[in-house]
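Following: one structure in structure tokens, then a few remarks.
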Amino acid sequence: MADTLPKGYEPKDVEDRWRAHWEQEKTFTPDPSAPGEPFSIVIPPPNVTGALHIGHALNLTLIDVLCRHARQKGKNVLWVPGTDHAGISTQNVVERALAKEGKTRQDLGREAFIDRVWEWRADYGHRILDQIKALGCSVDWTRLRFTMDEGLSKAVRKVFVQLYDESLIYRGDYIINWCPRCHTALADDEVEHEDSRGHLWSIRYHLEDGSDSVVVATTRPETIPGDTAVCVHPDDERYRHLVGKTAVVPGVGRRVPIIADSYVDREFGTGALKVTPCHDHNDWALGRTHNLEFVQVIDENGVMKEAAGPYAGLTKQACREKIVADIEAAGDLVKVEELQHAVGHCYRCHTVVEPHVSAQWFVAATKLAPAARAAVPELTRIFPETWLKTYYHWLDTIRDWCISRQIWWGHRIPAWTCAGCGKLIVAVEDPSQCPHCGCRELRQDEDVLDTWFSSALWPFSTMGWPDDTKELARWYPTNVLVTGFDILFFWVARMMMMGLHFMGKAPFAHVYLHALVRDAEGHKMSKSKGNGIDPREMIEKYGCDALRFTLTAFAAMGRDIRLSEERIEGYRHFVNKVWNASRFAMMNLDEAAPAPVRLDTIEGLHHQWILHRLEAVKAEMDRALEEYRFNDAAQAGYKFLWSEFCDWYLELIKPDMQAGQERKATAQYVLWTVLRELLVLLHPIIPFVTAEIWAALPVAAGEKATDIALEPYPAARPGCVRPDEAARMELIQGVIVAVRTIKAELNISPARKVHLLLQPVDAVQMALLEANRHMLETLARLETLDMQLDLEAPKASASAVVLGCQVIVPLRGTVDLAGEMTRLDKELAKLEKDIIGVNKKLQNENFVSRAPATVVEAERERAARLVDSKTKLEALRARFVEAMAEG
RNA sequence: GGACAGUUAGCUCAGUUGGUGGAGCAUCGGUCUUACACACCGAGGGUCACAGGUUCAAGUCCUGUACUGUCCACCA
């Protein structure tokens with residue numbers, strides 16, 4: 001007996017050992033000059049503040065499956081790990097910590113605050129990395145990256161300066177989304193729109209000369225002091241006469257023009273619109289086209305500015321109340337309605353964002369987008385393809401990307417203003433003096449870059465760009481990017497733009513967008529809802545492999561995953577099953593590996609069958625993974641191991657093992673071979689349990705024990721593909737199941753051995769059954785087995801027909817005769833129904849003449865089989881009825 | 001308003017090119033059969049959302065409807 005394994009699989013200890021082993025041995029650190037087709041993936045860098053959540057677990061598991069599989073296929077695999085500095089999030093976390101000490105970042109000052117963030121990162125930044133390790137990810141830890149690393153920061157500066165020089169980065173006044181709490185600008189897609197209930201106020205604006213008036217509708221009366229026009233649709237008969245006249249803004253008395261623009265929706269509200277260019281995105285655009293005055297009345301803290309006249313100093317909320325009251329008092333409040341409308345919120349802190357005009361830096365995304373669009377699908381394919389249109393649409397309607405943020409933690413913008421000449425200097429290295437006037441007094445821009453700016457460079461910055469590295473030469477572009485569709489725009493599209501612009505190549509050949517993990521009710525998991533499943537807890541409870549298998553098995557393309565703890569618990573059973581099947585194998589193997597047996601000419605139907613099935617599963621899992629059908633790969637492995645290898649094959653070789661000698665030796669070799677290959681197939685999904693078993697299995701003479709992580713994908717064995725032999729197993733299995741069913745339904749104890757009579761259809765079938773009688777005897781638990789082509793069966797028998805073979809179990813003593821009668825009738829009714837169905841088809845002239853000949857032939861055969869079964873069963877039933885009459 | 005997905009057994013989901021509707025869990029009955037009770041054996045359970053159409057044949061292809069969900073854009 002070879003090494004024994006503990007009775008149940010205990011993941012904790014096993015996982016810890018293998019994690020340490022792989023890290024110490026640098027198993028997943030590739031050599032750029034090693035042979036093999038390159039294969040690379042960059043990790044979607046988790047926030048350094050983050051804790052591993054179930055979405056990461058899914059993402060990392062799928063990537064790991066791909067990487068381990070690629071390694072098995074002989075590829076030179078690089079998986080780069082790393083974290084993202086997550087500007088706003090991290091700053092918020094550290095500010096909260098400071099608040100507990102009663103301090104603000106302003107108290108510390110910029111430099112001390114940033115030092116403080118680095119300290120925080122040193123203390124807590126490894127947490128998320130440890131959690132990645134817990135998942136068993138085969139990343140190269142020697143190439144760990146962080147977006148604020150020196151190298152990556154250099155890449156950021158280089159990109160910024162080059163884009164600036166190419167006029168693809170510019171600075172300008174623009175209306176942006178301002179988070180009054182985070183005190184920073186947000187990019188368009190960092191704003192989340194949510195429906196909320198508000199009001200729509202209809203307010204009368206009088207003409208300057210008092211001759212007429214116009215009623216406008218607004219949801220934000222506090223912006224009235226910033227109005228610089230009233231706008232109507234040019235074709236609107238109601239207002240045509242007013243266009244070109246001058247209206248008076250209530251409260252502040254400003255004289256503003258009434259303009260016409262087809263942007264206005266005549267159906268909405270009153271069909272007349274007040275225009276506040278500084279506090280609304282659309283009004284901003286109107287202001288530009290119509291050369292309106294730009295008056296800012298709300299400051300960055302949400303307080304009314306000087307320009308708001310009588311309302312200056314009020315908060316915007318207080319201003320709203322006061323201005324509405326004033327207008328009402330003046331008799332100009334025409335109507336107040338309830339209105340459901342979307343309001344923008346900060347995606348980090350959920351504060352309502354305020355459109356705000358300020359000087360910001362922008363990337364001319366409109367100029368970079370066309371290349372990113374054109375690259376798909378020629379250079380980069382997106383899986384599943386349903387995201388194609390979304391990707392195109394986003395790029396087609398893209399606006400320039402606001403990249404400056406008014407926070408401290410991040411890549412500071414490499415731009416300086418000269419105190420002497422006032423010119424702007426943009427440079428990779430910090431300048432010591434102004435290149436224009438020589439002045440030494442330079443002031444660096446206070447802002448930092450949007451976190452996604454550095455993330456956009458990730459595929460090449462992590463490989464050492466802008467230096468000319470071996471990594472870049474070998475592994476750029478990457479093979480596939482695996483990520484959630486929720487960051488298709490934030491991240492994927494921007495990496496496409498930057499990769500194409502700076503590397504001249506799309507950063508990945510494939511993009512696989514996986515699903516979102518939801519709870520059992522289909523809701524998005526979130527901390528605030530408290531419905532999240534904590535992967536760390538699941539690993540602790542059920543083992544990492546169980547979690548990984550669950551996620552893989554549910555990762556069907558383009559579909560969200562509804563996860564619950566029960567499912568993970570369920571798949572733990574599978575991991576345990578792998579373990580126990582291996583224990584069984586080990587109990588039946590010797591210390592040394594079994595002596596090789598030629599497999600393509602092997603005797604024994606069960607061996608031929610399992611080897612044939614193994615070939616099929618090898619091909620199937622490989623193809624499924626190549627096509628990102630993770631669930632199919634997992635399902636194929638699951639089914640083969642459990643329903644075929646364990647339920648049938650292991651049971652069938654038990655007698656072989658007892659028989660000893662050559663029969664045993666053959667069974668040992670096939671068992672050893674199939675199990676080893678199966679472990680390799682499953683390893684990408686469940687690395688720990690397979691590694692542990694692999695290490696305990698005997699090794700072929702002259703070979704050294706190896707790490708399963710380095711084992712190649714099992715080669716195809718074409719000689720073992722034997723569909724005919726495999727099909728013959730169906731007869732054996734069918735007869736066994738028939739006997740088991742008879743026992744179960746007639747309440748005969750499964751342990752009770754019965755006599756079995758078989759009447760095969762012909763000599764060939766009889767020979768097959770005869771040759772495999774030991775399988776029938778063992779698995780059907782038979783006392784005796786007799787078979788004859790012409791059989792006189794006892795009248796009191798339970799019976800069934802399997803592939804034409806009559807299966808007869810003589811009933812003795814106190815058996816449930818009525819039960820057998822019910823059983824037969826039910827079976828006959830089913831046959832009858834099927835026969836009617838087939839005959840209907842065959843009697844259809846159109847079917848016979850138009851369907852392919854093979855299909856028609858198959859139907860005829862099926863009909864014949866059904867009729868044959870029915871005839872035989874009816875005869876058996878007739879005898880049974882006689883027996884009952886006699887009995 | 002635009003785009004995309006989903007609707008199949010009590011639950012969660014598979015269903016590849018149209019050709020006899022599957023799995024896991026759950027349920028019911030029976031078993032300690034020398035790896036596994038985290039197991040084994042067996043059983044029940046479905047007008048494939050609805051309505052049309054194409055076809056000899058539709059869960060599968062086409063059109064429409066209903067419901068659910070997601071994303072984008074927002075009309076002040």
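Remember, it's a predicted structure, so these values are computed and weren't measured experimentally. A note on names: the letters A, B, ... follow the listed sequences, proteins ahead of strands, and every chain is numbered from 1.
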Task: Among B:G42, B:A76, B:U70, the one nearest A:V737 by side-chain distance - done: B:G42
Open item on the list: Quick test of your reading of the model: are A:E565 and A:K541 salt-bridged, counting only N-O distances below 4.0 Å?
Closed with: yes
- [ ] Quick one: pull up CE in A:M538 and SG in A:C544 and give me the separation to the nearest 0.5 Å.
- [x] 13.0 Å
TODO: Answer with base, sugar-phosphate or nothing: what part of the nucleic acid does A:C231 contact at a heavy-atom distance below 4.0 Å?
DONE: nothing
- [ ] Check whether more than 12 heavy atoms from other residues, nucleotides or ligands sit under 6.0 Å from atom NE2 of A:H774, and answer yes or no.
- [x] yes
- [ ] Kindly state whether the ring of A:Y628 and the ring of A:Y512 have centres lying under 6.0 angstrom apart.
- [x] yes
Task: Among B:A35, B:C36, B:A76, the nucleotide that comes nearest once only the side chain of A:M587 is considered - done: B:A35
TODO: Please identify each residue that fulfils salt bridge (Lys or Arg N to Asp or Glu O under 4.0 Å) with A:E832, with sequence neighbours left out.
DONE: A:K870
TODO: Please state whether the rings of A:Y571 and A:Y638 are parallel, tilted or perpendicular, taking 30° and 60° as the class boundaries.
DONE: perpendicular
Open item on the list: At 4.0 Å (heavy atoms only), tell me whether A:D647 reaches a base, stays on the sugar-phosphate, or touches nothing.
Closed with: sugar-phosphate
Task: For atom OH of A:Y263 and atom C1' of B:C74, their distance in whole Å - done: 8 Å
If you restrict it to nitrogen or oxygen atoms, what contacts under 3.5 Å exist between nucleotides 1-4 of chain B and the protein, and what is each distance?
| residue | atom | partner | partner atom | Å |
| --- | --- | --- | --- | --- |
| B:A3 | O3' | A:K389 | NZ | 3.2 |
| B:C4 | OP1 | A:K389 | NZ | 2.8 |

Task: Partner nucleotide of B:G24 by Watson-Crick or wobble geometry (both distances under 3.5 Å) - done: B:C11
Task: Phosphate-side-chain proximity, A:R572 and B:C38, N/O vs OP1/OP2 below 4.0 Å - done: no
Task: Nucleotide paired to B:G1 in any strand shown, Watson-Crick or G-U, under 3.5 Å - done: B:C72
TODO: Please determine if A:K274 and A:D227 form a salt bridge, counting it only when a charged side-chain N lies under 4.0 Å from a carboxylate O.
DONE: yes
Open item on the list: Please classify the nucleic acid contact of A:D265 as base, sugar-phosphate, or nothing, using heavy-atom distances under 4.0 Å.
Closed with: base
Open item on the list: Here's a test of your reading of the structure: between A:V191 and A:L273, which maps to the more 5' nucleotide of RNA chain B?
Closed with: A:V191
Open item on the list: Checking base pairs now: Watson-Crick or wobble, both atom distances under 3.5 Å. What partners B:U65?
Closed with: B:A49
TODO: Encode nucleotides 17-31 of chain B as B, S and - characters from 5' to 3', where the letter depends on protein heavy atoms closer than 4.0 Å: B to the base, S only to sugar-phosphate, - to neither.
DONE: --BB---S-----S-
Task: Proximal nucleotide (of B:U34, B:C36, B:C41) relative to the A:K577 side chain - done: B:C36
TODO: Consider the side chain of A:K826, meaning its heavy atoms from C-beta on, and name the nucleotide among B:A43, B:A76, B:C36 that approaches it most closely.
DONE: B:A43
Task: Nearest to side-chain heavy atoms of A:F489, which nucleotide of B:A43, B:C72, B:A76 - done: B:C72
Open item on the list: Can you work out whether A:N576 or A:A272 has the more 5'-proximal nearest nucleotide on RNA chain B?
Closed with: A:N576
